[in-house]
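Computed from heavy atoms alone, side chains included, the values below leave out hydrogens, waters and symmetry copies. In this chain, numbering begins with 1 at the start of the sequence shown.
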Amino acid sequence: MNKTIKKSPLLLITLLLGLCLTSCHDDDDDAAKDTQIEADFIGKAVGNFSAEEWYPGGKLGTTENVSAGCYEDETPAVNQMNLLEAFNKGEAFFERNYNTGTPPFNGLGPAAVRKSCLDCHPAYGHGKRVDRYTASWGNGYLLVVYHPVDGANSDDGPYISEVTGMPQTIATSPFLPPINEDMIDLQWKTLTAMESGIPMQFPDGESYQLIYPELTIPQSAFNTDPLPSNIAFRLESTIGIIGTGLIDAIPDDSIKAQYQREAPYVELNPAMWDKAANDWAPTAMYTANGVNRIKKFTYACTRGSLQDGAGANAIWNITNVSRSDRPFLYSTDAWAKKMSKTPSVIAAIKANPASPYYADGTEEGIADAVLNLLSPKTNQFDNAWHNFEPEMSDINFWSFMVWHRGLAIPRARNLNDPEVQQGKKVFNEIGCATCHRPRWETTKDDYWSPDILTKAGLMLPRYQNQVIYPYTDMVQHRLYMKNGIHGSWCRTTPLWGRGLSKINTGAEDRLHDCRARNEIEAIMWHGYSKNSDAYDSTLKFYNLSKKDRDAVVKFLRSI
């Protein structure tokens, strides 16, 4: 006779708990097994990856750390050159908030873009997308205010002169910020259709959604005299600063060879490349202390050296902290004029005889002092008015540059995974590697350094004869996105290390204004217009199977 066994609730819970625990232990065991399997392959050739691809920054520029915080690691070169103490000190200048009176972090303002570098580069990575523009931590955006040409929605046109090229939205008392950020209206719009005609649903039925920013700033938000007119706005996010020193180590002649390879097949920025001469255009050169370097930093390729470009420039103009080679303010005549005419500013200074703007204490004298001391022209060239002492010492600037040039790239992951290997294969087959060139060599790393460092014999991390994998061609292209990038031309952004963005910064936003919330969106924006240099590759990606699309994404997250 069959008997039915009635199980008690407690017994059922015990059995279920046992199953859950067994499942958890199995998952843990699988993860540990996968980690061990990868460990067996690190540094070895696997599938279609060479042994050196495990180390995207070469042995001198790669950190083995691939966990949270790895973006902050120093390169092995820093330790080999005994620069770790300077690196750690320089890190503090990146992370700390600047103020008006606490050395060595004094000198903020009187108008500034941010109080610290870390505000724009959360956890050292790419900026985050925000819904409201405020000069606070996590907002990696820089405003772009310009006079549009060829219509109000044009991406092209010169910067306005009433505010600085990197517009300032904060100011120290008693001054008003050049732009009142409370009046900045930022909205994210959902794209309804691709201009190119590519459907917003893949052939297998999976859909994707694209968003883009729309920015409005009324004329009344500007504290300048005169007020700007005929203006348009764009957003530009900061890029990740990891591995920037390795990018600086790519020699100019190698970049020239890349331009020559691409010139027959795609239109290049005439400001950078003379097609008829098959050589650099005169405006492609950046000259510092008599040394010419090819412009290769920033989206717009405006700077030729990290030591006088992306980092060295930002530590001065973002916080407006002066130093011996830039002993003047980052400001405009229009803002200086407006502040000299603002009653609340004059009254506050008149009540404070210790103010450097106090002059003779009369309203006329104070207004004259404000006008001249805040003016970039007189402050830079007229010694009669130049009474601001450099706020950042040369040795502290050196430490900052050791840190900036010494940031490592994390080791690649999962290269032994067949899906990642398939992703690399497809990435190359559909043409992505044409612009996102994987491999470069640093050769002798003959870096440029400013006089304030070289005269004191202060060295920076150096990356000689390294094979690196940044995944950029160092060339500018045009993608023609809706509400795109100012100037239309954009340097190909390096892809290395981006797969670790989530665990380091908490966000995965991509592209120049963080409009892409993941890799799929970033890729599909490349095909918004048929005029895009990447349209053909995007169309090929669109027609891939889901399996191959996922493989490409996994590859991008592994390098």
Side-chain angles (χ1 to χ4, degrees), residues 85-119 164-166 168 170-173 175 178 287-291 303 305-333 335-336 339 349 354-359 369-405 448-460:
E85 183 178 351
F87 177 92
N88 289 335
K89 185 178 180 182
E91 183 176 57
F93 287 103
F94 174 82
E95 293 186 347
R96 284 283 297 272
N97 280 348
Y98 285 82
N99 56 71
T100 57
T102 309
F105 305 103
N106 61 302
L108 178 71
V113 183
R114 296 289 192 283
K115 293 182 180 179
S116 82
C117 303
L118 192 61
D119 286 347
T164 52
M166 295 182 180
Q168 301 154 321
I170 58 176
T172 57
S173 180
F175 301 108
T287 303
N289 294 353
V291 178
R303 296 278 172 168
S305 166
L306 182 65
Q307 287 68 248
D308 197 54
N313 195 49
I315 195 64
W316 166 64
N317 62 16
I318 294 296
T319 57
N320 220 346
V321 173
S322 62
R323 59 177 187 265
S324 66
D325 63 337
R326 298 187 187 189
F328 46 89
L329 299 179
Y330 184 55
S331 62
T332 67
D333 289 326
W335 181 64
M339 293 302 96
I349 294 173
S355 170
Y357 308 93
Y358 187 77
V370 168
L371 177 64
N372 284 281
L373 287 172
L374 296 187
S375 169
K377 292 188 176 67
T378 54
N379 193 264
Q380 183 174 358
F381 301 113
D382 189 344
N383 289 327
W385 284 107
H386 186 180
N387 66 350
F388 291 111
E389 293 296 324
E391 293 148 338
M392 174 176 270
S393 70
D394 292 353
I395 199 70
N396 287 340
F397 173 61
W398 168 68
S399 295
F400 177 79
M401 291 315 302
V402 167
W403 166 84
H404 204 335
R405 208 172 201 271
W448 177 89
S449 189
D451 283 348
I452 60 174
L453 302 188
T454 56
K455 287 180 178 178
L458 297 170
M459 301 296 293
L460 298 173

Handout entry: Phe94/Phe400 under ring-ring contact (aromatic ring centres under 6.0 Å, His included): CA gap, chis, key distance, verdict
Key = CA-CA 7 Å; Phe94 174 82; Phe400 177 79; 7.1 Å; no

Practice task
Consider only side-chain N and O atoms of Gln307 and Ser449, and report whether a donor and an acceptor are under 3.5 Å apart.
Solution key: no

Handout entry: N-O pairing of Arg326 and Asp308 below 4.0 Å
Key = yes

Fill in the blank from the handout: When rounded to the nearest 0.5 Å, the distance separating CD of Glu95 from CG of Asp119 is 11.5 Å

Handout entry: Which atom of Pro390 lies closest to which atom of Ser322, heavy atoms considered
Key = CA-OG, 3.6 Å

Exercise for the section: Just do the side chain to side chain contact (heavy atoms under 4.5 Å, CB included) check on Glu91 and Trp403 with the steps written out, would you? Expected result: CA-CA 6 Å; Glu91 183 176 57; Trp403 166 84; 3.6 Å; yes

Problem - Nearest-0.5 Å distance, NZ of residue Lys115 to CG of residue Leu108 - result: 7.0 Å

Problem - Verdict with supporting geometry, Leu458 and Ile395, side chain to side chain contact (heavy atoms under 4.5 Å, CB included) - result: CA-CA 9 Å; Leu458 297 170; Ile395 199 70; 4.1 Å; yes

Exercise for the section: Tell me yes or no: between the side chains of Asn396 and Ser399, is some donor less than 3.5 Å from an acceptor? Expected result: no

Completion exercise
Taking every heavy atom of Leu373 against every heavy atom of Pro356, the minimum-distance pair comes out as CD1-O, 3.5 Å

Practice task
State whether the side chain of Asn320 and the backbone N or O of Ala111 hold a donor-acceptor pair below 3.5 Å, judged by distance alone.
Solution key: yes

Completion exercise
Applying ring pair (Phe, Tyr, Trp, His ring centres under 6.0 Å) to Trp316 and not counting sequence neighbours gives Phe328, Tyr330

Handout entry: Check: Trp335 main-chain N/O paired with Thr332 side-chain donor or acceptor under 3.5 Å
Key = yes

Handout entry: Listed partners of Phe397 passing ring pair (Phe, Tyr, Trp, His ring centres under 6.0 Å), at least two apart
Key = none

Problem - Minimum-distance pair of heavy atoms, taken over all atoms of Asn97 and Ser116 - result: OD1-CB, 3.4 Å

Practice task
Could you tell me whether the side chain of Leu306 reaches within less than 4.5 Å of the side chain of Trp448, counting heavy atoms only?
Solution key: no

Practice task
Please tell me if the side chains of Phe105 and Arg96 come closer than 4.5 Å, counting only heavy atoms from C-beta onward.
Solution key: yes

Problem - Spacing of Ile452 atom CD1 and Met401 atom CE [to the nearest 0.5 Å] - result: 10.0 Å

Problem - Contacts of Asp325 that satisfy side-chain hydrogen bond (donor to acceptor under 3.5 Å, both in side chains) - sequence neighbours left out - result: Arg323

Problem - Polar side-chain atom of Trp398 near backbone of Met459 as donor-acceptor pair, under 3.5 Å - result: yes

Practice task
Say whether, by atom type as modelled, one donor and one acceptor occur between the side chain of Ser331 and the main chain of Leu374 under 3.5 angstrom.
Solution key: yes

Fill in the blank from the handout: Which of Thr172, Thr100, Val370 passes side-chain contact (heavy atoms from CB on, under 4.5 Å) with Pro110? It is Thr172

Exercise for the section: Kindly give the heavy-atom pair with the smallest separation between Ala112 and Ile318, and that separation in Å. Expected result: CB-O, 3.5 Å

Practice task
Evaluate the side-chain proximity of Arg114 to Thr319: yes if any heavy-atom separation is below 4.5 Å, no if none is.
Solution key: no

Practice task
Please state whether the rings of Tyr357 and Phe175 are parallel, tilted or perpendicular, taking 30° and 60° as the class boundaries.
Solution key: perpendicular

Exercise for the section: Test Asn317 against Val113 for side chain to side chain contact (heavy atoms under 4.5 Å, CB included), laying out the working first. Expected result: CA-CA 8 Å; Asn317 62 16; Val113 183; 5.9 Å; no

Practice task
Working to the nearest 0.5 Å, report the span between OG of Ser324 and CD of Glu391.
Solution key: 12.0 Å

Practice task
Measure the CG-CG distance between Asn106 and Asn99 for me, rounded to the nearest 0.5 Å.
Solution key: 6.5 Å

